[in-house]
Amino acid sequence: MSVDAVKKYADVFERLSAVTALCPENTASAYLLGGEDQDGLNVTARLVAAKLGGIPMSQAFDDNADIIVYPQASAPKKTGKSKKSDGEKTRRVITVDDVREIVGALYLTPFRLAKRFFIIENADTMSEICQNKLLKSLEEPPPCACFILCACGKLLQTVESRCNRIDIPPFSVDTVTELLSRHHRDAKAVALAARASRGNIGMAEQIMADPEFGATYSAALEILRLSSGSKMFAHCAAVYEKFSKERDDAVLGVMEYLLADVARMLAGAEMVFDVNDVGSVADGFTPLSAARSAEFVRTARRKLASNCMPTAVMDEMILKMMEEKAICLR
């Protein structure tokens, strides 16, 4: 999803204390925005650049020669293949060529502002080679340049240590529900998106834009309900055997947070998802087995990202979950 779909919530991010505390007199040359919501980070990065550059927040999303965003948008390739839904689009990756271009532009004189701001979205997609190429520029930047990195994941410690970190926490589910309700009329879809996004407005907008999310959520519930023993393995595998890798990853993302809610429910803590949905998949779990199963899900997502065979990854995860439930119930 592009920033355009989330910038309508810019006033909410603008009021974050980490943003209001900034001013053009800040001398830091590198900032690292961290959090779960990539689209939210990207919106906040533009607001940070505007605040540090001394321009009105209303101009944060206008074209500005002194605010450069990487990776740069490219025209989509036309193919005969079916289009992926918004929920299945792959994040754009920062390449060596991007880093080379950034480093080459650092010493150019700003056009209008006192500094040039280099916003690096999806910074955690940079390879170690890319991060090390950028490191010297982070260590000894010219006075007319400022970096703003956005990352949901981790970067090299040497890179993170050169940046002023700004964490963007999720909003409450109630807040996201109210924000979504300004622009969407389907109250049931809004409630589900607010909960499934775990308080991240950009993720909530992705869910609202994904016509298959309802089916993805239902599939995650069905898989967890059926993962109750080896005799149910074939039934469980039948749910996901024809899914694409992207669809598997989307289902796993929902499963991870449902399992976290199962652990919360069994421990008597507050849940994010609907209590009836969580209760319907909690049978056979203990707080420990639910937490360990969530880790199996995270491992499966990492394996999918490493291009392992999707069906094999899903089969292995389900078998581990069934085994873990059996062990904890002995």
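Only a predicted model underlies this, so the values are computations on that prediction, with no experimental measurement involved. Index from 1, following the sequence. Atoms considered below: every heavy atom in the structure, side chains included; atoms not considered: hydrogens, waters and symmetry mates.
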query: Does a salt bridge link Asp167 with Arg165, judged by any charged N lying under 4.0 Å from a carboxylate O?
result: yes
field: Glu160/Lys154 ion pair, N-O < 4.0 Å
entry: no
Ser137 side chain near Phe147 side chain, heavy-atom distance below 4.5 Å: yes
- request: State whether the number of non-hydrogen atoms from other residues, nucleotides or ligands found under 6.0 Å of Arg182 atom CZ is greater than 12.
  value: yes
query: So which heavy atom on Leu266 is nearest to which on Phe285, and how close?
result: CD1-O, 3.3 Å
message: Quick one: does any side-chain atom of Ser218 pair with a main-chain N or O of Ala215 as donor and acceptor, under 3.5 Å?
response: no
message: Check this for me: does any side-chain nitrogen of one of Arg264 and Glu270 sit under 4.0 Å from a carboxylate oxygen of the other?
response: no
- request: Taking atom types as modelled, find out whether Ser197 and Asn200 have a side-chain donor-acceptor pair closer than 3.5 angstrom.
  value: no
task: Report, as yes or no, whether the 6.0 Å neighbourhood of atom CG on Asp283 holds more than 12 heavy atoms from other residues, nucleotides or ligands.
output: no
query: Judged by modelled atom types alone, do Glu205 and His184 share a side-chain donor-acceptor pair under 3.5 Å?
result: yes
query: Counting N and O atoms only, with roles assigned by atom type, does the side chain of Asn122 sit under 3.5 Å from a partner on the main chain of Thr125, one being a donor and the other an acceptor?
result: no
query: Run the salt bridge (charged side-chain N to carboxylate O under 4.0 Å, His left out) check on Arg292 and Glu295 step by step: do they pass?
result: CA-CA 5 Å; Arg292 286 180 175 171; Glu295 182 55 41; over 6 Å; no
- line: SG of Cys236 to CD of Glu222, rounded to nearest 0.5 Å, is 8.5 Å
message: If the threshold is 4.0 Å, N to carboxylate O, is there a salt bridge linking Lys245 and Asp248?
response: no
- prompt: At what distance, to the nearest 0.5 angstrom, does CD1 of Ile68 lie from CD1 of Ile119?
  reply: 8.5 Å
- prompt: With the 4.5 Å side-chain cut-off for hydrophobic clustering, are Ile120 and Val3 part of the same group?
  reply: no
- request: Answer with yes or no whether the side chains of Asn42 and Gln38 bring together a donor and an acceptor at under 3.5 Å.
  value: yes
statement: Between Ala193 and Leu180, the two heavy atoms sitting closest are CB-CD1, 4.0 Å
- request: Applying side chain to side chain contact (heavy atoms under 4.5 Å, CB included), run through Lys133 and Val103 and close with a yes or a no.
  value: CA-CA 9 Å; Lys133 278 184 173 292; Val103 172; 5.8 Å; no
task: Applying side chain to side chain contact (heavy atoms under 4.5 Å, CB included), run through Cys144 and Tyr107 and close with a yes or a no.
output: CA-CA 7 Å; Cys144 61; Tyr107 290 88; 5.9 Å; no
Side chain to side chain contact (heavy atoms under 4.5 Å, CB included) between Lys325 and Met322, worked out: CA-CA 5 Å; Lys325 289 171 78 171; Met322 290 177 173; 5.8 Å; no
- prompt: Strictly by modelled atom types, are Arg302 and Thr299 linked by a side-chain donor-acceptor pair under 3.5 Å?
  reply: yes
message: Could you check whether any side-chain heavy atom of Asp124 comes within less than 4.5 Å of a side-chain heavy atom of Leu155, counting everything from C-beta outward?
response: yes
- line: Sorted by chain and residue number, the side chain to side chain contact (heavy atoms under 4.5 Å, CB included) partners of Asn64 (sequence neighbours excluded) come out as Ile55, Asp66, Ile67, Leu113
message: Tell me whether Leu224 shares a hydrophobic cluster with Val275, the cluster being built from Ile, Leu, Val, Met, Phe, Trp, Tyr side chains joined at under 4.5 Å.
response: yes
- prompt: Can you check whether Gln157's main-chain N or O pairs, donor with acceptor, with Ser161's side chain at less than 3.5 Å?
  reply: yes
field: Nearest-0.5 Å distance, CG of residue Leu138 to OG of residue Ser29
entry: 7.5 Å
message: Please check: side-chain N/O of Arg46 versus main-chain N/O of Met57, any donor-acceptor pairing under 3.5 Å?
response: no
CA sep, side-chain torsions, deciding dist, call: Asp98, Thr95, side-chain hydrogen bond (donor to acceptor under 3.5 Å, both in side chains): CA-CA 5 Å; Asp98 289 325; Thr95 65; 3.2 Å; yes
For Asp274 against Arg195, the heavy-atom pair lying closest together: N-CD, 4.1 Å
query: Under 4.5 Å between any side-chain heavy atoms of Val69 and Phe118, yes or no?
result: no
- prompt: Do Phe296 and Leu288 belong together in a cluster built from hydrophobic side chains that touch within less than 4.5 Å?
  reply: no
Side-chain heavy-atom pair Ile201, Val12 within 4.5 angstrom cut-off: no
field: Neighbour count >12 (heavy atoms, 6.0 Å) for atom CE, Met309
entry: no
- prompt: Do Met317 and Leu252 have side chains that get closer than 4.5 Å, going by heavy atoms?
  reply: yes
task: State yes or no: are the ring centers of Phe171 and Phe13 separated by less than 6.0 Å?
output: yes
Electrostatic pair Glu316-Lys320, nearest N-O below 4.0 angstrom: yes
- prompt: side-chain hydrogen bond (donor to acceptor under 3.5 Å, both in side chains) between Thr20 and Arg15: does it pass, once the steps are laid out?
  reply: CA-CA 6 Å; Thr20 58; Arg15 293 194 296 269; over 6 Å; no
query: Name the one of Val93, Ile94, Val159 that satisfies side-chain contact (heavy atoms from CB on, under 4.5 Å) with Met126?
result: Ile94
- request: Would you confirm whether the ring centroid of Tyr217 sits within less than 6.0 angstrom of the ring centroid of Phe273?
  value: yes
field: Side chain to side chain, Cys308 and Val313, heavy atoms closer than 4.5 Å
entry: yes
Same apolar cluster: Ile318 and Phe243, side chain cutoff 4.5 Å: yes
Side-chain heavy-atom pair Leu304, Pro310 within 4.5 angstrom cut-off: yes
NZ/NE/NH1/NH2 to OD/OE distance under 4.0 Å, Glu139 and Lys136: no
- prompt: Rounded to the nearest 0.5 Å, how far does SG of Cys130 lie from CG of Leu135?
  reply: 12.5 Å
message: Whether Arg198 engages the ring of Tyr257 as a cation-pi pair (distance to the six-membered ring centre under 6.0 angstrom, angle to the ring normal within 45°) should be assessed.
response: yes
- request: Indicate whether any N or O donor in one side chain lies under 3.5 Å from an N or O acceptor in the other, for Lys51 and Asn26.
  value: no
query: Where do Ile166 and Leu32 land on the side chain to side chain contact (heavy atoms under 4.5 Å, CB included) test, with the steps shown first?
result: CA-CA 6 Å; Ile166 299 176; Leu32 171 60; over 6 Å; no
message: Let me check something: do Leu41 and Val176 share a hydrophobic cluster, defined by ILVMFWY side-chain heavy atoms less than 4.5 Å apart, either directly or through other members?
response: yes
message: Tell me the closest heavy-atom pair linking Ile129 and Val96, and the distance in Å.
response: CG2-CG2, 4.4 Å
statement: Scanning both residues in full, the closest heavy-atom pair of Ala28 with Lys115 reads O-NZ, 3.8 Å
- request: Identify the heavy atoms of Arg301 and Asp249 that sit nearest to each other, and give their distance.
  value: NE-OD1, 3.0 Å
- request: Taking Glu324 for its side chain and Ser293 for its backbone only, find out whether a donor-acceptor pair lies under 3.5 Å.
  value: no
message: Any heavy-atom pair between the side chains of Glu36 and Cys152 that's under 4.5 Å?
response: no
- request: Measure up the Tyr9 and His183 rings against each other and bin them: parallel (under 30°), tilted (30 to 60°), perpendicular (over 60°).
  value: perpendicular
